[in-house]
Amino acid sequence: MIEIKNINKTFGDRQVVKDVSFTFYKGKTNLIIGESGCGKTTILKLMVGLHKADSGEILYDGQNFPKLSVNEQENVRKKIGMLFQGGALFDSQTLEENVQFPLDMFTDLTKAEKLERVNFCLEKVQLVGKNKLYPAELSGGMKKRAALARAIANNPSYLFCDEPNSGLDPKTSIVIDNLIKNITDEFNITTIIVTHDMNSVIEIGDNIMFVHKGENWWTGDKSQILKTKNQELFDFVFASEFMKQVLGTPSK
Amino acid sequence: MNLFFHIGRYFMLLYRVFARPQKHSVYMRQIIFEINNIGISSLPIIAIISVFMGGIITIQAAFGFNSPWVPLYAVGFTTRESIMLEFSPTIVCLILAGKVGSNIASEIGAMRITEQIDALEIMGINSAGYLIFPKVAAAVIIFPFLIALSMFLGIWGGYFMGVASGACTEYEYIFGIQAFFEPWKLYYSFTKVIVFAFIITSVSAYFGYNTSGGALEVGKSSTNAVVYSSILILLFGLILTNLFLNR
Ligand SMILES: Nc1ncnc2c1ncn2[C@@H]1O[C@H](COP(=O)(O)OP(=O)(O)OP(=O)(O)O)[C@@H](O)[C@H]1O
Ligand SMILES: [Mg+2]
């Protein structure tokens with residue numbers, strides 16, 4: 001479980017995150033949704049310590065992350081898997097080496113055991129047999145999936161995904177969503193997903209925070225979101241005609 | 001003000017670079033990779049430059065010393081001293097600053113802007129140590145060998161081109177390169193090389209590591225890396241020369 005309490009972040013003189021508090025539950029897929037540029041990635045980076053919050057608390061199972069010593073922070077981070085918006089695969093390494101990297105760094109598994117784990121992860125993201133390709137040889141969607149395989153390689157307790165299915169076709173997108181959902185259930189981990197894909201929201205939205213202009217605007221789950229009376233959220237959810245047709249315009 | 005900011009940040013980075021390695025086997029693997037990447041791949045350019053510079057120095061020396069008053073050994077002696085004291089340790093390192101420095105800065109800079117460094121940090125890896133330490137260590141290990149080779153090839157190039165072009169006789173040259181040889185001067189040369197190896201890799205890594213923005217900034221970091229490591233090489237060359245050779 002991760003709790004964030006009253007976090008603020010300013011870049012220059014622009015306040016990008018305003019007093020956001022939320023609880024991300026263990027064994028659930030926790031979603032952060034909102035329109036482009038509202039501060040979703042920034043919140044994610046604040047949580048993992050890539051940005052420093054101006055104020056507020058970030059509690060990993062009760063431990064206030066920003067207040068921990070460097071060593072203690074590293075220990076928490078070893079339990080974090082993160083999928084970056086752009087993938088962030090290591091260019092100089094093959095797909096196999098990328099996925100194996102956390103295992104090399106933090107486990108004492110034998111070569112064979114590592115390879116088995118790598119292949120298991122690659123199978124999960126449907127990239128079997130692509131072991132020896134370099135990131136430059138992968139398509140955008142394949143990079144995303146490869147990055148997800150790396151994020152789950154070392155059995156994380158906390159999984160952060162920044163737009164796991166942007167750039168994927170609808171079918172693969174559902175596969176990835178289900179995969180994340182299954183991993184979350186199976187290993188009982190705390191999963192945080194940033195997305196603006198309504199399909200994902202309706203499929204896997206156990207616990208949702210809607211961010212608007214850097215503020216926590218609305219919280220709820222996938223069943224509540226379709227009945228929302230909140231104007232900004234309503235506009236976000238029913239932005240497209242298609243959504244209105246599929247979901248049926250709710251009475252306001 | 002700006003200068004002190006950079007110096008402070010540079011030393012803070014170094015502090016992280018030399019933190020205790022998290023996994024020795026991985027670091028060892030990286031060092032060996034970098035020795036190949038930084039060192040062995042620079043062999044061709046070093047070989048070509050050294051042979052030609054040796055030849056040029058010899059022919060120039062023979063041209064300048066064309067007088068009955070100048071002793072026979074002058075040409076070989078001059079060639080050896082210039083190559084051993086300055087050309088190989090300093091000029092070759094300046095060339096390596098261009099090749100290796102820009103390579104390191106752009107590699108690390110690209111990793112920074114594509115969030116690969118963030119990805120390392122998230123995993124709980126000391127990214128500065130993991131990325132930079134192997135490069136610094138590899139350069140400090142391999143540069144002395146590269147420079148020794150450059151010295152050898154330079155002196156050999158002088159012999160070959162000097163004799164072949166008729167600028168000096170074989171006897172004269174061989175006699176000259178053996179005259180008044182003082183081994184302690186090699187300490188001076190190789191101290192310079194080790195310091196320069198450290199400067200090139202750490203300064204270039206510093207500029208790469210602190211890149212922010214996009215591809216344009218990676219290019220700027222790469223340029224800065226070459227410019228500042230070259231200036232520092234000359235500055236420290238001067239300081240070390242004063243310490244060793246000024247009596
Ligand atoms: N390092 C930074 N320096 C300055 N401003 C930043 C920085 N990172 C983000 N911002 C600003 O903060 C705001 C929120 O950015 P963020 O990346 O969190 O958006 P997002 O919600 O993830 O959007 P998207 O859905 O498009 O990824 C943006 O307006 C952006 O310009
Ligand atoms: Mg984003």
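Throughout, protein chains are lettered first and strands after them, A, B, ... in sequence-line order, and every chain is numbered starting at 1.
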Participant: Taking 4.0 angstrom as the limit, do D104(A) and K23(B) come out as a salt bridge?
Facilitator: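 Salt bridge between D104(A) and K23(B), a charged N being under 4.0 Å from a carboxylate O: no.
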
Participant: Quick one: what part of K45(A) sits under 4.5 Å from any heavy atom of chain B, side chain, backbone, both or neither?
Facilitator: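 Only the side chain of K45(A) comes within 4.5 Å of chain B.
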
Participant: If you count heavy-atom pairs under 4.5 Å between each of I117(B), I125(B), V26(B), T114(B) and chain A, which one has the most?
Facilitator: I125(B)

Participant: Any side-chain donor paired with an acceptor under 3.5 Å for S166(A) and K144(A)?
Facilitator: yes

Participant: Side chain, backbone, both or neither: which part of L83(A) has a non-hydrogen atom closer than 4.5 Å to chain B?
Facilitator: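 Neither part.
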
Participant: Is F101(A) in contact with chain B via its backbone, its side chain, both, or neither, using a 4.5 Å heavy-atom distance?
Facilitator: side chain

Participant: Which region of Q22(B), side chain (C-beta onward) or backbone (N, CA, C, O), has a non-hydrogen atom less than 4.5 Å from a non-hydrogen atom of chain A, or is it both or neither?
Facilitator: side chain

Participant: Look at M82(A), M105(A), K78(A) and state which one has the largest set of heavy-atom pairs under 4.5 Å with chain B.
Facilitator: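 Most pairs with chain B among the choices: M105(A).
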
Participant: Could you give the distance from CZ (F24(A)) to CD (E3(A)), rounded to the nearest 0.5 Å?
Facilitator: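 That separation rounds to 10.5 Å.
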
Participant: For M123(B), is it the side chain, the backbone, both or neither that has a heavy atom under 4.5 Å from a heavy atom of chain A?
Facilitator: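 Both the backbone and the side chain of M123(B) come within 4.5 Å of chain A.
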
Participant: Check whether more than 12 heavy atoms from other residues, nucleotides or ligands sit under 6.0 Å from atom CZ of F187(A), and answer yes or no.
Facilitator: yes

Participant: Could you label the plane-to-plane angle of the F65(A) and Y60(A) rings as parallel, tilted or perpendicular, counting under 30° as parallel and over 60° as perpendicular?
Facilitator: tilted

